[in-house]
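One structure is given here, and the rest of the page talks about it.
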Amino acid sequence: MAQFRPFDMDSIPIEDQFMNWKELVKAPYDKKAVDAYTRTRVILMNGIENASVLMSHAIERMTSDPEIKRQMALIRRIDSFQQQTVNWLNPANQTIIETTLGYEQVAVDLTANLAKNEPDPYVKQTLDFALIEDFDHLYRYSCLYDYLEGGDYESIVQGKTEVKPGRPTSVEHRHPDDTMRKHYNKDTADIKTKMNYLTIVAGEQQTELFYKSHGFMYSDELARQLYSEIADVEEQHVTQYGLLGDPKETMLEKSALMQLCEAYIYYSCAQTETDSRIRGIWESFAKMEISHFNACANLIEKYEGRDIRDIVKADIIEPLVVFEPNKDYVNRVIEEQLDLSPHKMEYRRFKDIADQWSSIKFQWKMNRAGVPSEEVVSKAKSELAQRDQAEKIKQFKNEVTRRTEDLMAGRPSPM
Ligand SMILES: [Fe+2]
Ligand SMILES: [Fe+2]
Ligand SMILES: [Fe+2]
Ligand SMILES: [Fe+2]
């Protein structure tokens, strides 16, 4: 497969990147014919563009230099146009819950791909940890799809991603203290780690925003509650992932890395895209991003006296980010890590920390009037509902419930 070499790539001058209204909005894909992974690429690239725009806005408000602000406004405007082009590829007849299944398929197969290729063990562990939570969301939303629309999740995931419980959503709820994570060191971290970090933060942030901007659009009470419950887990994911980044990176450095990440992911998408029309979009947008990256590199040189090559420290970023089935990998993580629980910035076995875990009380409070992600299973057809009875899943849920009840009743833990 081709290699991503950001310093050797063609680019398009930024002033040539403005599109007219008719170029900006392109025809949507056909939801009946689209490949599942074309849909996931559209969802991911929309999230990456949105992250780029939001980060640029945050930085603009903390920057006083007029030249930096002007350049950031220019780049941001193009990223904003790109986001509209990408997000408008989603067709109007794709329902909210169908798009939602696409979001969780992104979360599963993107996270698995990043984790498999992540050089930093702590960052990899953090990816694995949340991977099997998003995997569970895909199952809960598949139950909702069946209940609300009589829909078959296979029409969305197309057999590429399994649908069954992971770490049950009902036990994913934790006290904010337990979303704290350590960050990588900007001077020693591999560029792949920095790219993975920006990619997963963008994906999770977009997922949270999508659930929060659509969950209230249902009149069904359970659907409204399920979106709210899972949106809150995504807030935890955005927090844990966001904290992996080194806060000592300068704002210009963060901007340059974000633009590099956009280029890297567009380039990755272009190499694997099966729809030639959409591949053309990925290819041209990758060239645009190289100019954004170069513009940020020039700012770093001018204002910080640093060479961007001393920050990137690589000519090639590899491997590319690829959407493909990860069934064996996901099953192995479920098998080995179902009961992991974050405590004091480390991942521990539930049974070892239950007695001192601040999340127990939090979870008890949140779940005590009923849990939408459990209730939705009983509304789904029996074959789908039955999957929640898998022995390992049931055992873990029961263990958490038992320990929680004991602790809340002040009973000592069994030896
Ligand atoms: Fe962009
Ligand atoms: Fe999720
Ligand atoms: Fe997530
Ligand atoms: Fe950009």
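We count ligands from 1, going down the list as the structure has it; atoms in each ligand are counted the same way.
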- Message: Measuring only between side-chain heavy atoms, which start at C-beta, is W282 closer than 4.5 Å to I265?
- Response: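 A side-chain contact is absent here, since even the closest heavy-atom pair is not under 4.5 Å.
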- Item | Side chain proximity check, E15 to L74, heavy atoms < 4.5 angstrom |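 The answer is yes; the side chains approach within 4.5 Å.
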- Tally of protein N/O/S atoms under 2.8 Å from the Fe ion (ligand 1)?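 If we list every protein N, O or S atom nearer than 2.8 Å to the Fe ion (ligand 1), we get 6.
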When the ring planes of [X] and [Y] are compared, do they come out parallel, tilted or perpendicular, using 30° and 60° as the limits?
X: Y103; Y: Y211; answer: tilted
X: Y266; Y: F285; answer: perpendicular
X: F18; Y: F81; answer: perpendicular
X: F350; Y: W357; answer: perpendicular

- Donor-acceptor contact below 3.5 Å, side chain D339 vs main chain R349: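 The answer is no, because no donor-acceptor pair under 3.5 Å joins these two groups.
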- Output, in order, the C-alpha distance, side-chain angles, deciding distance and verdict of salt bridge (charged side-chain N to carboxylate O under 4.0 Å, His left out) for E249 and K254. CA-CA 6 Å; E249 287 165 346; K254 285 188 187 296; 3.0 Å; yes
- Leaving waters out, which protein N, O or S atoms fall under 2.8 Å from the Fe ion (ligand 2)?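 Only E104 OE1, E104 OE2, D134 OD1, H137 ND1, E234 OE2 fall inside 2.8 Å of the Fe ion (ligand 2).
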- Item | Intermediate values then yes/no, salt bridge (charged side-chain N to carboxylate O under 4.0 Å, His left out), D120 and K194 | CA-CA 10 Å; D120 178 318; K194 296 179 185 182; over 6 Å; no
